[in-house]
Amino acid sequence: MSAVKGHREEAGMSVWRSLRRRAGVLGAAAAVLLGGGAGYAAAQGPQQAPFPNRPVQVLVGFPAGGGADLIARAIQTQLGAALGQQIVVRNVTGAGGTIAGQQVVTGNTDGHLAILAPLGAGGVFLPHVRTIPYDLEALRPVCGVYDGPGTLMVAPDSPIRSVHDLISMARERPGALNYGSPGPGSPAHVVMAGFTRAVGIEMEHVPFRGSADIALAMRAGQVQVFTDAFNIGSQLDLRPLAVFRREPLPLAPELPLIREFGYDFEFSIHGGIFVPRGVPEPVFARWQAACRTAVEAPETRDAFRRMAVLPMFMEGAAYAEKLRRDHQAVGEIVRAAGVPRQD
């Protein structure tokens, strides 16, 4: 079994190394793009229509009104203006977002189909706990878009006022406190399994269908703590205790850092845009330039601030490297904490 796990981990690492290599080959394409419309059209080849020549679809693998959906709609207008074409956001839900990923992987490669997805379209956490129904190598990161810093949260009226309180109570009553997650192997489960191990406490994992159900259970006293993106806690009116960052959170600089308590792990629900492998380089460069324009637009930054998320533009190569590092760090926690596979 350990040999199988090692093989899967190495396979996951090779995926992100490959993504990084592919994302880094933009120099010549960008030069063509900057050279003007004639050079751009010529680079696409005589048989390709100029891009974009029809509405562009951006898939979201989660329901309307959820975090990824709201992000997609926040940049929809600015992204469309930068590309010079209408952006159609389409929700394709199920299987942790991998149904949408599958549609992009098997879709057209002319640049008119993309996905906005958190955590590497499944590539950061999922390969460590279950099989993904497509090759992650088939998705190429265009850019990073946003960052939702991971936050340890309690109910508004919880007697737990600090991380010190949580650790003390858990040590006094081993196994009596519960933490919630949207399911076994989810980011919230993995992160908390690593936290409890690092600080030497015992807590019970209680899975739910989603964040809203966890918030209700917290108010009812059935669950004491929950970890998710800062904006989710804000939406659900939960009280933050600390953030999984290496520097203070600009949105709430008074919050302590989890690393101060012996768990040096940076966790966030960040996300970006991905296109299928095989999209022509000039089209990819056009996408990347449009993403930068959309994310850095004042309208986008204002929308993100209202949603309590951080803008995080990163070029494809840099974002691929971040995904690789995050994938490796999560794998170490999964193995150390003994989080079982969910296949």
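Here the structure is a predicted model, which means the values were calculated and not measured.
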Identify the heavy atoms of Val104 and Pro276 that sit nearest to each other, and give their distance.
-> O-CG, 3.3 Å

Where is the tightest heavy-atom contact between Arg341 and Pro127, given as atom of each residue plus distance?
-> NH1-O, 3.0 Å

Report the C-alpha distance between Asp264 and Arg246 in whole Å, list the side-chain angles of each, state the deciding distance to 0.1 Å, and finish with yes or no for salt bridge (charged side-chain N to carboxylate O under 4.0 Å, His left out).
-> CA-CA 8 Å; Asp264 190 11; Arg246 292 190 167 88; 3.6 Å; yes

Can the positive tip of Arg140 be found less than 6.0 Å from the middle of the six-membered ring of Phe284, inside 45° of the ring normal?
-> yes

So, for Gly183 and Ser186, which heavy atoms are closest and what is the spacing to 0.1 Å?
-> O-OG, 2.7 Å

Excluding sequence neighbours, so at least two apart, what forms salt bridge (Lys or Arg N to Asp or Glu O under 4.0 Å) with Glu260?
-> none

Where Val60 and Ala68 come nearest, the two heavy atoms and their spacing = CG1-CB, 3.9 Å

Look at Lys322 together with Asp326 and state whether they make a salt bridge at an N to O cut-off of under 4.0 Å.
-> yes

Please report the C-alpha distance between Glu315 and Arg292 in whole Å, then the side-chain angles of each, then the deciding distance to 0.1 Å, and finally whether the salt bridge (charged side-chain N to carboxylate O under 4.0 Å, His left out) criterion is met.
-> CA-CA 8 Å; Glu315 291 189 346; Arg292 178 191 290 274; 3.1 Å; yes

Interatomic distance, CG@Asp69 vs CD@Gln76, rounded to 0.5 Å, equals 9.0 Å

How many angstroms lie between atom CD of Gln57 and atom CD of Gln86, to the nearest 0.5 angstrom?
-> 10.0 Å

Please indicate whether Arg73 has more than 12 foreign heavy atoms, meaning atoms of other residues, nucleotides or ligands, lying under 6.0 Å from its CZ.
-> yes

Taking Arg245 for the side chain and Glu247 for the main chain, is one N or O donor matched with an acceptor at less than 3.5 Å?
-> yes

OG/Ser234 to CG/Asp228 distance, rounded to the nearest 0.5 angstrom?
-> 12.0 Å

Verify, without hydrogens or angle tests, whether Gln342 (side chain) and Pro340 (backbone) share a donor-acceptor contact under 3.5 angstrom.
-> yes

List the steps, then state whether ring-ring contact (aromatic ring centres under 6.0 Å, His included) holds for His164 with Phe261.
-> CA-CA 8 Å; His164 283 300; Phe261 303 93; 5.0 Å; yes

In short, disulfide bond (SG atoms under 2.5 Å apart) pairs touching residues 207-238 with sequence neighbours left out are none

How many angstroms lie between atom CD1 of Ile87 and atom CZ of Arg90, to the nearest 0.5 angstrom?
-> 13.5 Å

Is there a donor-acceptor pair under 3.5 Å between the side chain of His327 and the backbone N or O of Gly120?
-> no

Say you draw a straight line from CD of Glu281 to CD of Gln288; how long is it, rounded to the nearest 0.5 Å?
-> 10.0 Å

Check the pair Val275, Trp287 against side chain to side chain contact (heavy atoms under 4.5 Å, CB included), reporting the backbone distance first and the verdict last.
-> CA-CA 9 Å; Val275 293; Trp287 257 110; 4.1 Å; yes

Of the non-hydrogen atoms in Leu70 and Met307, which two are nearest, and what is the gap between them?
-> CB-SD, 3.7 Å

Could Asp165 and Arg161 be called an ion pair, given the rule that one side-chain N must be under 4.0 Å from one carboxylate O?
-> no

Is a side-chain N or O of Arg335 found less than 3.5 angstrom from the main chain of Gly331, in a donor-acceptor match?
-> yes

Rounded to the nearest 0.5 Å, the OH atom of Tyr263 sits from the CD1 atom of Ile258 at a distance of 9.0 Å

Would you call Glu266-Arg259 a salt bridge at under 4.0 Å N-O?
-> no

Between Thr151 and Pro149, is there a donor-acceptor pair closer than 3.5 Å when you use the side chain of the first and the backbone of the second?
-> yes

Check: His189 side chain, His205 main-chain N or O, donor-acceptor pair, under 3.5 Å = no

Backbone N/O of Gln222 and side chain of Asn178: donor-acceptor pair under 3.5 Å | yes

Identify the two heavy atoms, one from Tyr134 and one from Thr98, that lie closest to each other, and give their separation to 0.1 Å.
-> CE2-O, 3.2 Å

Is the ring centre of Tyr146 less than 6.0 Å from the ring centre of His270?
-> no

After noting the C-alpha distance and the side-chain angles of Val283 and Asp110, does the key distance pass the side chain to side chain contact (heavy atoms under 4.5 Å, CB included) rule?
-> CA-CA 8 Å; Val283 174; Asp110 63 1; over 6 Å; no

Whether Asn91 side chain and Phe62 backbone form a donor-acceptor pair below 3.5 Å = yes

Step through it carefully: locate the ring centre of His112, locate the ring centre of Phe51, and say whether they are under 6.0 Å apart.
-> yes

